[in-house]
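This report concerns only the one structure given below.
Nothing here was measured: the structure is a model prediction, and the numbers come from that model.
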Amino acid sequence: MSHFFGDTATLTRRSLSHIARSMDTIITTTIMPIAFMLLFVYVFGGAIDSGSDNYVQYLLPGILLITIASGISYTAFRLFQDMQSGIFERFQSMPIARSSVLWAHVLTSMVANLVSVVVVVLVALLMGFRSGAGLLSWLAVTGILLLFTLALTWIAVLPGLTAKSIDGASAFSYPLIFLPFISSAFVPTASMPGPVRAFAENQPVTSIVNAVRHLFEQQPVGTDIWIALGWCVGILVVAYAFAMRVYRRKIS
């Protein structure tokens, strides 16, 4: 076990050093969510009835999920590059824990996405976002977002291992980026037509957004937080199982 942790730490430092030398990846993943936030707050915000005096208060949770969904595409991209470069074959010939290679990419994704989320929150603060949430509420928000990132990252591992091209490795993230648009991220689901509302209220983004929003606003989270955690854990377990199966086939 200590062998696994040591190998994972070494490989994670390798991946993080690549990101440190190419900060444009983090900049790129934050530009689109920030652009969405600016567009919806300053262009569409006045026409959207969200029940909030400051639309950025309502909007931020959904933007954070878009930031994460945008960031994990680079996880698949980096993993695909390693697969194509032959570095995986070199690692297999070395006395290291085999699963540490994947976990290094996953932990790198967690760190990179955390940085992106912090940047987006800072921009939201400049735009007027304010929260009276206490330390426990902020920790709860952080925990939900980290669990969501971990679940999506293991989904990203699958195209990273199986894609035939760079475009194919990152294209999977497009539906995930736009899923918040059919949720409570931008407008209350009550304003949607029947079938769309039914889908929006029963997909994972809505429960996660609602839980984060209630925590920011110091309101009772009700069952949303448990539904959100259930979705995240369920996605994580399934994605991890499939990713590890595909990885074992690749290295066998």
Where does the angle between the aromatic ring planes of Phe40 and Phe186 fall among parallel (under 30°), tilted (30 to 60°) and perpendicular (over 60°)?
tilted
Sidechain-backbone polar pair: Ser70 side chain, Ile66 backbone, donor-acceptor under 3.5 Å:
no
Residues Trp154, Trp103; criterion ring pair (Phe, Tyr, Trp, His ring centres under 6.0 Å); working and verdict
CA-CA 9 Å; Trp154 278 106; Trp103 274 105; 5.1 Å; yes
Polar side-chain atom of Asn113 near backbone of Thr149 as donor-acceptor pair, under 3.5 Å
no
Heavy-atom side-chain proximity of Thr153 to His105 below 4.5 angstrom
no
Would you give the length of the straight line joining atom CE of Met127 to atom CD1 of Ile34, rounded to the nearest 0.5 angstrom?
9.5 Å
Before accepting this row, confirm whether a basic side-chain N of the pair Glu201/Arg197 lies closer than 4.0 Å to the acidic partner's carboxylate O.
yes
With a 6.0 Å cut-off on the ring centroids, do Phe181 and Phe178 count as close?
yes
Can you tell if the side chain of Met32 reaches within under 4.5 Å of the side chain of Ile177, non-hydrogen atoms only?
yes
Any donor-acceptor N or O pair under 3.5 Å, side chains Ser184, Asn210
yes
Taking the ring of Tyr42 and the ring of Tyr55, is the distance between their centroids below 6.0 Å?
no
The reported gap from CZ in Phe199 to CD1 in Ile182 (rounded to nearest 0.5 angstrom) is 5.5 Å
Tell me the closest heavy-atom pair linking Ser183 and Met192, and the distance in Å.
O-CE, 3.0 Å
Between the main-chain N or O of Gln219 and the side-chain N or O of Glu217, is there a donor-acceptor pair closer than 3.5 Å?
no
Hey, do the aromatic rings of Trp138 and Phe216 have their centres closer than 6.0 Å?
yes
Got a donor-acceptor contact below 3.5 angstrom from the Ser116 side chain to the Ala112 backbone?
yes
